[in-house]
Amino acid sequence: MADYAKRQSPRFFFSKRRFRVFSLSNNTFFVRPLRRVFVLPDITALVVSPAFPLSMSEMEEESSISLRQLMANEGLVPSLEDEEKRRVVISKLQKIVVKWIKKVAWQRRLPNHQIAATNATIIAYGSYGLGVHGSESDIDALCIGPFFASIAEDFFIVLRNMLKSRPEVSEVLCVKDAKVPLIRFKFDGILVDLPYAQLRVLSIPNDVDVLNPFFLRNIDETSWKSLSGVRANKCILQIVPSLELFQSLLRCVKLWAKRRGVYGNLNGFFGGVHMAILAAFVCRYDPEATLSSLLAIFFTTFAYWQWPTPVVLLKDTYPATGSPPGLMPIQLPCGSHQYCNSNITRSTFYKIMAEFLRGHNLTKDYLKPNFNWKNLFEPFPYANTYTWFAKIHLSAANQEDLSDWVGWVKSRFRCLLIKIEEVYGMCDPNPTEYVEPYAKQPNIVFYWGLQLRTIDVSNIESVETDFLKNLNNGSFQGPVGRIQLSVVKASQLPKNSECGNNKRSKKMTKACWRIRENKQCKETPVYSQHLPGYVVGYEKMNNRDTESL
């Protein structure tokens, strides 16, 4: 009798009551009456038969409710006030660029009817464009202008000056030498990254279709790179069967990646665009799937993915030639054989695959009654996993110089990771930033786990020497800080050394370094190339532009 009951309903439990209790989430329960009871002679408890068993869809819904409750408890969904604040920022930026492009058209001496007809626009992309941003997330917004508005003069001088004149705009920085040049600034306290794309048309519609070949003809390489993020976003949003499920899945996946220390392109892991494409790939499996089943499918899929087989959302008409780049190639859905930029190394590939497999092992039983989603999002236990750590201590004379110096060093982290791999083998770059409060100078410290149990401490000196050469060969022109590498034991790590538990980890330093202008430098006017005698703006004689990766 007991075997029969167990076989018919593995979720039932022994109870002296004639009701079955089902747990929804967050200590919420409901009950159902039992139809018949089997009395077993060898035990005092009662075994019930499935009078009203939960269907598979009901169990899926239970699990999804629990997962959504966890997301809400983690604060992954921004408040209505945060949403409205970002909408206002985008709306104001749109009005600014419209005013800017008409000013540029007048400087170009275009006819009055063309000045009246011309237009520029703003398109949000990234996490905000996909609708998966948090309350502290930045805004990635692309400025798209017509053929006569150049990036060097009109965007980086005219538009920059217009932004600097606004009372709600602060900390305006020009990032000219990046892979995607942009203006970075704060608008009502929200950090905005604003790249520029120039299309070969007179006027840009507000709802411009960035996938339409008409708008993409004969554009320059910089504009093409700037458009790639917007185009990828639009393709993803068109592909996924359910936008709400995709957004929820991506929020869960990003939380998992951050907690387990496998998020961040600079450290050799996945970035935001990588996670978005992987989530969209899974969402196409089953349009009727629930959130909990999609998350389980996500880990099952990529735990056994045959890398370096690329992940492809949209198959091109013509087959790709040659091997895809990198250890874990992920193809952008918006171009012909374009792949996401990746910094994945041997070490980070191993870490990502280990976390995929862990996620699969945890979620394969997600329909069991005692399953707890919190276990999936437990912070990675660095201190309990590794015996030795590479300590990276960065310091500078003041906090402003430190921010610049850390941004520059982080942009070269992949080179450091490869050098450590050459000497020590496997290395796990913990992205969490720590501070030594008793140090004389402002500082930020990183602790990267080393796989070997026995370490030759002296070898770190050669790693530091080689990495310093790499830093000095770059184009950083700001105040050079200090970097000191050492090898420490796990017992020497600071308290709360788990990934994501350190307070500073909530707002990490961005990989952007400022090269501040000398206050004693004189400003020189920049004259329009098309309107003699007209000053479009001013630049420093020793202009040092910000750089970023």
Side-chain angles (χ1 to χ4, degrees), residues 68 70-101 119-144 155 159-175 180 182-197 204 206-208 210 226 229-230 232-234 236-237 243-244 246-252 254-255 258 263 271-273 275-276 403 500 503-512 514 546 548:
R68 292 181 191 278
L70 185 145
M71 292 169 53
N73 295 341
E74 293 291 342
L76 299 184
V77 181
S79 64
L80 295 177
E81 291 78 10
D82 291 328
E83 291 281 10
E84 180 61 25
K85 188 175 182 180
R86 280 166 171 75
R87 281 195 292 267
V88 170
V89 169
I90 294 296
S91 177
K92 288 184 178 180
L93 278 177
Q94 177 65 39
K95 293 178 181 178
I96 291 173
V97 299
V98 170
K99 183 178 179 181
W100 161 71
I101 202 59
N119 188 55
T121 193
I122 293 287
I123 300 180
Y125 66 104
S127 61
Y128 180 70
L130 291 174
V132 295
H133 56 286
S135 58
E136 296 184 356
S137 299
D138 307 336
I139 293 178
D140 294 307
L142 176 66
C143 175
I144 306 180
F155 182 72
L159 182 57
R160 180 200 64 181
N161 289 340
M162 292 180 66
L163 290 171
K164 291 179 69 174
S165 66
R166 303 276 301 198
E168 63 269 55
V169 177
S170 62
E171 302 180 23
V172 181
L173 301 170
C174 290
V175 187
V180 178
L182 54 86
I183 300 177
R184 176 169 292 163
F185 55 93
K186 285 188 176 180
F187 201 112
D188 284 334
I190 299 176
L191 186 62
V192 179
D193 281 349
L194 187 70
Y196 178 66
I204 310 296
N206 289 334
D207 58 347
V208 57
V210 294
S226 299
V230 176
N233 268 34
K234 188 165 185 178
I236 290 173
L237 295 178
L243 177 58
E244 188 277 331
F246 164 73
Q247 292 172 334
S248 297
L249 176 63
L250 184 53
R251 289 184 189 277
C252 292
K254 290 179 71 173
L255 177 64
K258 291 177 180 179
Y263 188 83
V273 65
M275 305 305 293
S403 179
K503 292 182 179 180
R504 187 170 182 84
S505 66
K506 294 181 180 180
K507 192 65 176 178
M508 292 188 176
T509 306
K510 292 182 71 69
C512 175
R514 292 179 297 174
T546 304
S548 174

As an exercise, state the distance from [atom1] of [X] to [atom2] of [Y], rounded to the nearest 0.5 Å.
X      : Y      : atom1 : atom2 : result
Met71  : Leu249 : CE    : CG    : 9.0 Å
Ile101 : Cys143 : CD1   : SG    : 7.5 Å
Ile144 : Tyr196 : CD1   : OH    : 9.5 Å

Which atoms form the tightest heavy-atom contact between [X] and [Y], and what is the distance?
X      : Y      : result
Val180 : Ser226 : CG1-OG, 3.6 Å
Ala120 : Val98  : O-CG2, 3.7 Å
Cys174 : Arg160 : SG-CD, 3.3 Å
Leu194 : Ala141 : CD1-O, 3.0 Å
Gln247 : Gly131 : NE2-CA, 3.7 Å

Side chain to side chain contact (heavy atoms under 4.5 Å, CB included) partner of Leu93, the single match among Thr121, Ile139, Leu163: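 Single side chain to side chain contact (heavy atoms under 4.5 Å, CB included) partner of Leu93 among Thr121, Ile139, Leu163: Leu163.
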
Qualifying residue, where the test is side chain to side chain contact (heavy atoms under 4.5 Å, CB included) with Lys186 and the options are Leu173, Leu191, Val172: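 Exactly one option meets the side chain to side chain contact (heavy atoms under 4.5 Å, CB included) with Lys186, and it is Leu191.
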
Using atom types as modelled and distance alone, determine if a side-chain donor or acceptor of [X] lies under 3.5 Å from a backbone N or O of [Y].
X      : Y      : result
Glu168 : Asp188 : no
Arg251 : His133 : yes
Ser137 : Gly134 : yes
Ser91  : Arg87  : no

Among Asp140, Asp193, Asp138, the one residue meeting salt bridge (Lys or Arg N to Asp or Glu O under 4.0 Å) with Arg184: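 The residue from Asp140, Asp193, Asp138 that satisfies salt bridge (Lys or Arg N to Asp or Glu O under 4.0 Å) with Arg184 turns out to be Asp193.
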
Val169 vs Lys164 side-chain heavy atoms within contact, under 4.5 Å: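 Side chain of Val169 against side chain of Lys164, heavy atoms only: no contact under 4.5 Å found.
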
Any Leu70 side-chain heavy atom under 4.5 Å of Leu255 side chain: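 When only atoms from C-beta onward are counted, Leu255 and Leu70 do touch, with a gap below 4.5 Å.
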
Residues Lys254, Glu74: salt bridge by 4.0 Å N-O rule: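 No, Lys254 and Glu74 are not salt-bridged.
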
Aromatic ring pairing Trp100/Phe155, orientation class (parallel under 30°, perpendicular over 60°, tilted between):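 Trp100 vs Phe155 ring planes: perpendicular.
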
Glu83 versus Ser79, side-chain donor and acceptor atoms under 3.5 Å: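 Side-chain D/A pair, Ser79 to Glu83: absent.
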
